[in-house]
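A short worksheet on the structure shown next.
Just so we're on the same page: letters track the sequence lines, and every chain starts at 1. Worth knowing before you read on, the calculation uses all heavy atoms, side chains too, and leaves out hydrogens, waters and symmetry mates.
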Protein chains: 2
Amino acid sequence: MSLPALTDRQRALLDHLASFVAKRGYAPSLQEIAHAFGFSSLQGVKDHLKALERKGYVRRRPGQRRAITLMGQPRPFATGVPILGRVPAGTPQLALEQYDERLTLDTATLGPGRHFALQVKGDSMIHAGIHDGDYVLVRQQDTAEPGAIVVALLGEDATVKYLRRRGRQVRLEAANPAYQPIPLHGHVPAPRILGRVVGLYRTFR
Amino acid sequence: MSLPALTDRQRALLDHLASFVAKRGYAPSLQEIAHAFGFSSLQGVKDHLKALERKGYVRRRPGQRRAITLMGQPRPFATGVPILGRVPAGTPQLALEQYDERLTLDTATLGPGRHFALQVKGDSMIHAGIHDGDYVLVRQQDTAEPGAIVVALLGEDATVKYLRRRGRQVRLEAANPAYQPIPLHGHVPAPRILGRVVGLYRTFR
DNA sequence: TGACTTACTGTATATAAATACAGTACCCTC
DNA sequence: GAGGGTACTGTATTTATATACAGTAAGTCA
């Protein structure tokens with residue numbers, strides 16, 4: 001990993017920074033750090049931060065309050081992805097407000113764009129390794145390239161399917177021969193693509 | 001238990017907060033938010049924050065700078081789970097220090113204990129929906145109940161297997177009939193259980 | 001021995017940023 | 001048509017917090 005080694009004290013301060021940020025969602029002030037370590041002066045904190053910055057572990061914005069960014073490998077931050085319980089019928093827009101829970105995931109692994117999670121029901125994608133009860137992570141978009149796994153709204157139900165091109169026709173196909181493919185155009189009700197599946201999350205027991 | 005609905009403007013501000021924190025590791029100041037939205041005054045920001053706080057999406061510390069904590073359900077505590085690239089041979093202890101990357105997950109979904117992630121190689125658990133290249137989330141423990149999916153060290157390789165009891169014998173079984181079961185006791189080399197699989201993570205493309 | 005780094009105390013000053021108060025305008029809905 | 005919520009502008013004041021300068025003490029290097 002290659003960053004310069006830290007002294008015990010510097011390591012302790014860095015750990016404190018990380019846990020403070022994880023807990024509060026913002027960086028501590030110099031006085032808060034000093035208080036946590038029992039320092040009666042701020043200069044000690046400044047010295048340590050200067051060392052951490054010189055060694056590449058943190059980055060600061062001069063003059064700004066609490067402006068400490070943790071660098072390095074451990075991705076300091078994560079976003080809460082809303083988990084859609086049920087997709088409401090007939091809504092022109094996806095009601096992302098209507099969620100029960102959130103899944104905390106890394107912003108780096110997610111990539112750009114708006115995301116949501118959806119619990120898979122049924123075994124239509126079991127041959128693609130997507131099981132009943134799994135959560136799929138979906139990047140919100142209304143089109144996708146053939147070959148992608150998408151979440152599509154079919155009437156009232158959101159389903160996970162492959163988007164495949166067969167000659168001139170683009171259609172939604174299950175990864176299970178027991179299910180009939182659905183053409184994207186000319187089907188009633190008309191399928192609407194909600195997004196592309198970019199990840200999968202499952203818990204055991 | 002969903003939180004009260006937000007107006008478009010409030011949602012936009014909350015999204016801005018989340019992305020700012022994700023990027024910088026600390027919360028924005030009121031003037032930074034005002035600047036980002038093109039406000040010439042701070043009162044608009046204050047009003048929005050007040051609304052977000054009243055609805056339970058954020059929490060602030062009066063008087064303190066940048067002291068905005070995003071509540072919105074997600075991580076009171078997000079942890080970085082180390083991803084083990086390869087399990088080194090012959091080491092008595094698991095060298096958790098020796099990782100390349102980390103996966104950020106929330107502690108609420110993980111549960112207590114030490115965890116690590118491991119990238120699955122091979123198709124021995126394909127019928128359990130665990131595919132080649134998937135990451136399994138493992139809670140570190142040296143025993144497990146029969147029926148659990150475990151990560152075991154077999155010589156130099158870490159393998160993912162079911163732990164099953166057959167009569168008097170406890171053994172490791174693949175979810176693929178092409179693989180032979182391995183008895184937990186009396187096998188050479190002796191299998192060592194590294195932990196129980198508690199989750200699975202996969203990315204597409 | 002002296003120069004250098006780490007690890008702080010103590011006091012003082014400057015300022016980034018929160019707070020406060022007074023408005024304007026546009027919805028709603030009762 | 002009065003009252004409440006949302007969505008701001010504009011100016012002034014206060015303060016939490018960063019910065020600066022001057023030290024002390026111990027350990028390491030050479």
Side-chain angles (χ1 to χ4, degrees), chain A residues 3-17 19-21 23-71 93 95-97, chain B residues 3-21 23-72:
Chain A
L3 288 178
L6 294 176
T7 66
D8 289 350
R9 221 62 183 125
Q10 288 164 3
R11 167 65 59 184
L13 208 123
L14 186 65
D15 286 347
H16 174 74
L17 277 177
S19 70
F20 189 103
V21 172
K23 196 166 154 189
R24 304 270 280 264
Y26 53 89
S29 65
L30 300 196
Q31 10 273 76
E32 282 169 341
I33 300 170
H35 182 76
F37 282 83
F39 296 175
S40 65
S41 171
L42 299 176
Q43 197 54 49
V45 181
K46 275 217 87 175
D47 288 349
H48 282 131
L49 284 178
K50 206 171 129 192
L52 287 174
E53 193 168 17
R54 177 169 45 79
K55 292 181 179 178
Y57 288 86
V58 303
R59 200 177 144 201
R60 302 189 66 204
R61 309 268 167 149
Q64 294 194 50
R65 278 91 180 123
R66 299 179 188 275
I68 305 169
T69 304
L70 292 162
M71 310 297 283
Q93 297 282 53
L96 281 189
E97 278 66 37
Chain B
L3 295 171
L6 295 176
T7 65
D8 289 350
R9 221 60 184 129
Q10 288 164 2
R11 166 66 56 188
L13 207 123
L14 187 65
D15 286 348
H16 175 73
L17 277 176
S19 70
F20 188 102
V21 172
K23 195 167 154 192
R24 305 268 281 263
Y26 54 88
S29 65
L30 300 195
Q31 9 273 79
E32 282 169 340
I33 300 170
H35 183 77
F37 282 84
F39 295 176
S40 63
S41 171
L42 299 177
Q43 197 54 50
V45 181
K46 275 215 87 175
D47 289 349
H48 282 131
L49 285 178
K50 207 171 128 193
L52 288 174
E53 194 168 15
R54 177 169 46 80
K55 291 181 180 178
Y57 288 84
V58 303
R59 198 177 146 199
R60 303 188 66 204
R61 309 268 166 149
Q64 294 194 49
R65 278 92 180 116
R66 299 178 188 276
I68 305 168
T69 303
L70 292 164
M71 305 302 283

Open item on the list: Over all strands shown, is Arg54(A) touching base, sugar-phosphate only, or nothing at heavy-atom distances under 4.0 angstrom?
Closed with: sugar-phosphate

Task: Heavy-atom check, side chain of Arg9(A) versus side chain of Leu13(A), under 4.5 Å - done: no

Open item on the list: How close do Ser41(B) and Ala34(B) get, counting heavy atoms only, and between which atoms?
Closed with: O-CB, 3.8 Å

Task: Euclidean distance, Ser40(A) OG relative to His35(A) NE2, rounded to 0.5 Å - done: 12.5 Å

Open item on the list: Given 3.5 Å as the limit, does a donor-acceptor pair link the side chain of Arg66(A) with the main chain of Arg65(B), or not?
Closed with: yes

Open item on the list: Could you tell me how far apart Ile33(A) (CD1) and dT17(D) (C1') are, to the nearest whole angstrom?
Closed with: 12 Å

Task: Along DNA chain C, first and last positions that approach a heavy atom of chain B under 4.0 Å - done: dA16(C) to dA22(C)

TODO: Nearest-nucleotide wise, let me know which of Arg65(B) and Pro28(A) is further upstream toward the 5' end of DNA chain D.
DONE: Arg65(B)

Task: From Leu52(B) atom CG to Thr7(B) atom OG1, the distance as rounded to the nearest 0.5 Å - done: 8.0 Å

Task: Nearest listed nucleotide, side chain of Gln31(A), among dA18(D), dC8(D), dT6(D) - done: dA18(D)

TODO: Would you give a per-nucleotide map of nucleotides 24-30 of chain D, 5' to 3', where B means the base has a protein non-hydrogen atom under 4.0 Å away, S means only the sugar-phosphate does, and - means neither?
DONE: -------

- [ ] Working to the nearest 0.5 Å, report the span between CG of Asp8(A) and CZ of Arg11(A).
- [x] 9.5 Å

Task: Approximate separation, where rounding is to 0.5 Å, of Leu6(A) CG and His48(A) NE2 - done: 10.5 Å

Task: Nearest-0.5 Å distance that lies between atom CD1 in Ile68(A) and atom CD in Glu53(A) - done: 9.5 Å

TODO: With sequence neighbours excluded, tell me which residues meet ring-ring contact (aromatic ring centres under 6.0 Å, His included) with His16(A).
DONE: Phe37(A)

Open item on the list: Do Phe20(B) and Glu32(B) have side chains that approach each other closer than 4.5 Å (heavy atoms only, starting at C-beta)?
Closed with: yes

Task: Distance, rounded to the nearest Å, where Arg60(A) contributes CZ and dA18(D) contributes P - done: 7 Å

- [ ] Just call it for Glu32(B): base, sugar-phosphate, or nothing, with non-hydrogen atoms closer than 4.0 Å on any strand.
- [x] nothing

Open item on the list: Heavy atoms within less than 4.0 Å of DNA chain D: which residues of residues 39-48 of chain B have one? Give them sorted by number.
Closed with: Phe39(B), Ser40(B), Ser41(B), Gln43(B), Gly44(B), Asp47(B), His48(B)

TODO: Using atom CG of Leu52(B) as one end and atom C1' of dG5(D) as the other, report the distance to the nearest whole Å.
DONE: 15 Å

- [ ] Determine the stems involving DNA chain C; a stem requires 3 or more consecutive pairs of the Watson-Crick or G-U wobble kind, each with both distances below 3.5 Å, and the answer is none if no such run exists.
- [x] C:3-27 with D:4-28

TODO: Quick one: list whatever passes salt bridge (charged side-chain N to carboxylate O under 4.0 Å, His left out) with Asp15(B), sequence neighbours left out.
DONE: Arg114(A)

TODO: Mind calculating the distance between CG (Leu49(A)) and P (dT17(D)) to the nearest angstrom?
DONE: 15 Å

Open item on the list: Using a 4.0 Å heavy-atom cut-off, does Arg9(A) contact any base of the nucleic acid, only the sugar-phosphate backbone, or nothing at all?
Closed with: sugar-phosphate

Open item on the list: If I take atom CD1 in residue Ile68(B) and atom P in nucleotide dA16(D), what distance separates them, rounded to the nearest angstrom?
Closed with: 17 Å

TODO: Check whether any side-chain heavy atom of Leu49(B) sits under 4.5 Å from a side-chain heavy atom of Leu17(B), and report yes or no.
DONE: yes

Task: Arg66(A) (side chain) and dT17(D) (base): donor-acceptor pair under 3.5 Å - done: no

TODO: Measure the OH-CZ distance between Tyr26(B) and Arg60(A) for me, rounded to the nearest 0.5 Å.
DONE: 10.0 Å

Task: Beyond-backbone contact of Val21(B) with Val21(A), side-chain heavy atoms, under 4.5 angstrom - done: no

